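What follows is a set of notes on a single structure, which appears directly below.
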Amino acid sequence: MTTTVDDALEHGGEFHFFQKQMFFLLSLLSVAFTPIYVGIVFLGFTPDHRCRSPGVAELSLRCGWSPAKELNYTVPGPGPGGEVSTRQCRRYEVDWNQSALSCVDPLASLDTNRSRLPLGPCRDGWLYETPGSSIVTEFNLVCANSWMLDLFQSSVNVGFFIGSMSIGYIADRFGRKLCLLTTILINAASGVLMAISPTYTWMLIFRLIQGLVSKASWLIGFILITEFVGRSYRRTVGIFYQAAFTVGLLILAGVAYALPHWRWLQFTVTLPNFCFLLYYWCIPESPRWLISQNKNAEAMRIFKHIAKKNGKSLPASLQRLRLEEETGKKLNPSFLDLVRTPQIRKHTLILMYNWFTSSVLYQGLIMHMGLAGDNIYLEFFYSALVEFPAAFMVILTIDRIGRRYPWAASNIVAGAACLASGFIPGDLQWLRIIVSCLGRMGITMAYEIVCLVNAELYPTFIRNLGVHVCSSMCDIGGIITPFLVYRLTNIWLELPLMVFAVVGLVAGGLVLLLPETKGKALPETIEEAENMQRPRKNKEKMIYLQVQKLDIPLN
C-alpha cells in the first residue's frame, strides 16, 4: 500500500521526542539570525559627534572648560532651519593654537557675530560622544560619508535577495541538509572575517557574503522543521520558530549592552554559528525531499529512525512511500513551476506581494514609532517585547479560525493603524504610541502567518524554492523602506504612513483570495496544490476503498 508522509508521521510520531529535539536545534538558527538581520542597530550606531579641531583640546585644558563650555565656545550652532548637520559636519575655520584667543568667549576677538565666521569641512576627523565604538566611529561613516552606512545595510538585503533566489533552488535540487551545513559554514567564516576586517571595503564584502547565506539557512531551518512534524503541529512549530527570532532580539540587546565595541560584539554573536556544524550528526535529511527525488529507501530509513526515537514502530502496511506524480520520474524544481499553472501562479503573486508588504510596514512602523527615553538598549528591548503578544494571538486564532482570516485582519489592522496615526494630533503622543504598537503587532502577526502559509501552498519538490523566491520580496521591501520614509517625509511628515496604509489594506484584501490551509496535508504534487480549494472527499474515499480491498483477502 502506498501512503503519504503525513500517514507515516501519524504512526511514527507527529511531535514527540525526535521532533522536539529537532525543533530545539533548528530554533537556535533563528536566534542566531537576529544579529545579522537587525545588528546594524548596534554595529552601526551613530552617536553625537562634532568635528575634530586641532588646538581645541589644549585650549580647553588650559582654560579649564567643562565639556559644555567647550561645545558652546568652539562648535557652530544649528543651521538656519535648526539642522544639526551644521554642528556635526562643519567647523570654524579658526587657528585654535594662536595665543590671542581668550578663555572667555574666544571667538569674540575674531568677530562679534559668530554667524559671520567662515565654516569648513571636518578635515581632521570627528570626535564621538560614546564610551564604545561602532563601524560609524571607526570608519567615520558620517556627514558626506553617511551613505556608506546605508550601503552597508543595503548589501545585507541584496545578499538576502540573491541568496534566497539561488540557494533555494540548490536546496530543492541537492537537499536541505547539505545546503544548510554549507550556508552555516560560510556564514560563520564570513562573520569572523568581518570582525577583523581592516578596511570598510573588506567589511562590506564579508557582510554581503553573510547576507547571501544567512537568511537562506534560516529559511531552510524553517522548511526542515515544517517537514519533520505532523500537520496538526506545523502551525505551532512555525510560530515558535519565528518567536525564537524575538528571543534573539532580547539576547542581542543584552549582549550589545555588555559589549559596546562593535568588533567584540560581532565576534561574540558569530562564534556560536560554528557549533551548528555539529548538526551534521544530529539532523537527518528531510524525508519529504528524499521521496520527491525518488530516494524512497533513504526516506524509509529516516522514518524508522524517527519512529525508534519516538518509541514507536511503523506497521508493515506503511513500508512503501511514493509520490503520486509522474511515476518513476525524478522531479527537478524550476522557477517556471511557480507560475506555470493558474492556482500556483496566483499563490506566488499574492505571497510575493504580502512578503513585500510585511517588510515595508514592519520596518516603516519601527521608524515612526516614538519610544520614550534615549537609551538604545532599552528601546530595542521594549520594541522586541511587543512581538510576543502578536505570536500568542496567532497561536490562539490560527487553529480555531484558520490562517486566512487572521492573516487578512492583521494586514488590515496594520494598514488602518498607519492611516489613523497620520491624523492623530501631536499633543496626543500617548495615543499615537498605542496605535503604533497596535500596528506593529498587526504586521508582526502578518509576518508570522505569511511564513507559515507560504510553505503550505506549494508541493514538496518546489516548496523550498517557492518559500525562498516569495520571501525574497521582503528583501526588496527592506531596501526601499528607508527611502520611502526619509524621502516622503520631506514632502509631508505623515505621507509614508499613508503609503503604508494603502499597501497594508490591499494586502489584506488579496489574502482572502488564497485557499485555507488549516488542517490540510502538505500538497505533495502540483495537482494537489492546484486543487487545494476543492474538497478532497473523493480521494479520501478512494484510498479508504483501496485499503478495504487489500484487507479483505487477508481476513
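Because the structure is predicted, anything quoted here is derived from the model rather than measured.
- Atom CD1 of Ile302 sits about 10.0 Å away from atom CH2 of Trp289, to the nearest 0.5 Å.
- Across Phe388 and Ala243, no two heavy atoms sit closer than the pair CE2-O, 4.5 Å.
- Annotation: side chain to side chain donor-acceptor pair (under 3.5 Å) contacts of Tyr37 (sequence neighbours excluded): Tyr447.
- Smallest separation of non-hydrogen atoms from His347 and Leu457: ND1-O, 3.8 Å.
- In terms of modelled atom types and a separation under 3.5 Å, the side chain of Thr34 and the main chain of Phe245 share a donor-acceptor contact.
- Atom CG of Leu512 and atom CD1 of Ile412 lie 6.5 Å apart (nearest 0.5 Å).
- Side-chain atoms of Asn454 and Trp355 form a donor-acceptor pair, as typed in the model, at a separation below 3.5 Å.
- Asn157 is linked by a side chain to side chain donor-acceptor pair (under 3.5 Å) to nothing, counting only residues two or more places apart in sequence or in another chain.
- Around the OH atom of Tyr405, the shell of radius 6.0 Å holds no more than 12 heavy atoms that belong to other residues, nucleotides or ligands.
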Evaluate Asn411 against Ile443 for side-chain contact (heavy atoms from CB on, under 4.5 Å), listing each step before the verdict. CA-CA 6 Å; Asn411 274 304; Ile443 203 57; 3.9 Å; yes
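- No side-chain donor-acceptor contact under 3.5 Å links Asn273 to the backbone of Ala188.
- With a 4.5 Å cut-off on side-chain heavy atoms, Gln210 and Val156 do not count as touching.
- If you look at Phe45 and Phe42, their ring centroids are not closer than 6.0 Å.
- Phe160 has its ring centre less than 6.0 Å from the ring centre of Phe33.
- Contact annotation: the side chain of Phe356 never approaches that of Cys474 to less than 4.5 Å [non-hydrogen atoms, C-beta and beyond].
- For the pair Tyr353/Met473, no side-chain contact is recorded, criterion being any heavy-atom separation below 4.5 Å from C-beta on.
- Contact annotation: the side chain of Thr397 never approaches that of Arg400 to less than 4.5 Å [non-hydrogen atoms, C-beta and beyond].
- Distance check, rounded to the nearest 0.5 Å: CZ of Arg301 to CD1 of Ile306 gives 13.5 Å.
- When side chains are defined from C-beta on, Leu212 does not count as touching Asn187, because their heavy atoms never get closer than 4.5 Å.
- Distance alone, capped at 3.5 Å, is enough to place a donor-acceptor pair between the Ser197 side chain and the Met194 backbone.
- Contact of the Leu180 side chain with the Leu29 side chain is registered, since non-hydrogen atoms from C-beta on lie closer than 4.5 Å.
- Across every non-hydrogen atom of Thr183 and Ala216, the tightest pair is CG2-CB, 4.5 Å.
- The CD1 atom of Ile476 sits 9.0 Å away from the CE atom of Met352 when rounded to the nearest 0.5 Å.
- Using a 4.5 Å cut-off on side-chain heavy atoms (C-beta onward), Leu43 and Arg207 make contact.
- Panel note: side chain Glu448, backbone Val394; no donor-acceptor pair is recorded below 3.5 Å.
- Between the side chain of Arg176 and the backbone N or O of Leu224 there is no donor-acceptor pair closer than 3.5 Å.
- Using a 4.0 Å cut-off between charged nitrogen and carboxylate oxygen, Lys295 and Glu285 do not count as a salt-bridge pair.
- Listed here is the closest heavy atom pair of Ala391 and Ile239: O-CG2, 3.9 Å.
- To the nearest 0.5 Å, atoms SG (Cys470) and CG (Leu219) are separated by 11.0 Å.
- The distance between the ring centers of Tyr257 and Phe381 does not fall below 6.0 angstrom.
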Apply side-chain contact (heavy atoms from CB on, under 4.5 Å) to residues Leu290 and Asn296 and explain how you reach the verdict. CA-CA 7 Å; Leu290 291 171; Asn296 296 343; over 6 Å; no
Applying side-chain contact (heavy atoms from CB on, under 4.5 Å) to Ile395 and Phe240, what does each step give before you reach the verdict? CA-CA 9 Å; Ile395 293 172; Phe240 278 105; 3.4 Å; yes
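- Qualifying side chain to side chain donor-acceptor pair (under 3.5 Å) partners for Tyr241, counting only residues two or more places apart in sequence or in other chains: none.
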Begin with the C-alpha distance, continue with both residues' side-chain angles, and end with the deciding distance and a verdict on side-chain contact (heavy atoms from CB on, under 4.5 Å) for His261 and Leu265. CA-CA 6 Å; His261 297 279; Leu265 175 61; over 6 Å; no
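- In this structure the side chain of Asn354 reaches within 4.5 angstrom of the side chain of Trp407, judged on heavy atoms.
- For the pair Ser359 (side chain) and Gly478 (backbone), a donor-acceptor distance under 3.5 Å is present.
- Closest approach of Ile401 and Pro406 over heavy atoms only: CG2-CD, 4.0 Å.
- In this structure, the side chain of Lys177 engages the main chain of Ile283 through a donor-acceptor pair within 3.5 Å.
- In this structure, a donor-acceptor pair under 3.5 Å is absent between the side chains of Glu387 and Thr444.
- Judged by distance alone, with hydrogens and angles left aside, the side-chain atoms of Gln19 form a donor-acceptor pair with the main-chain N or O of His16 at under 3.5 Å.
- For the pair Cys179 and Ile220, the tightest heavy-atom approach, listed with the atom from each and the gap, is SG-CD1, 3.4 Å.
- If you take CG on Leu259 and CZ on Phe267, they are separated by 12.0 Å, rounding to the nearest 0.5 Å.
- In this structure, the side chain of Asn310 engages the main chain of Phe18 through a donor-acceptor pair within 3.5 Å.
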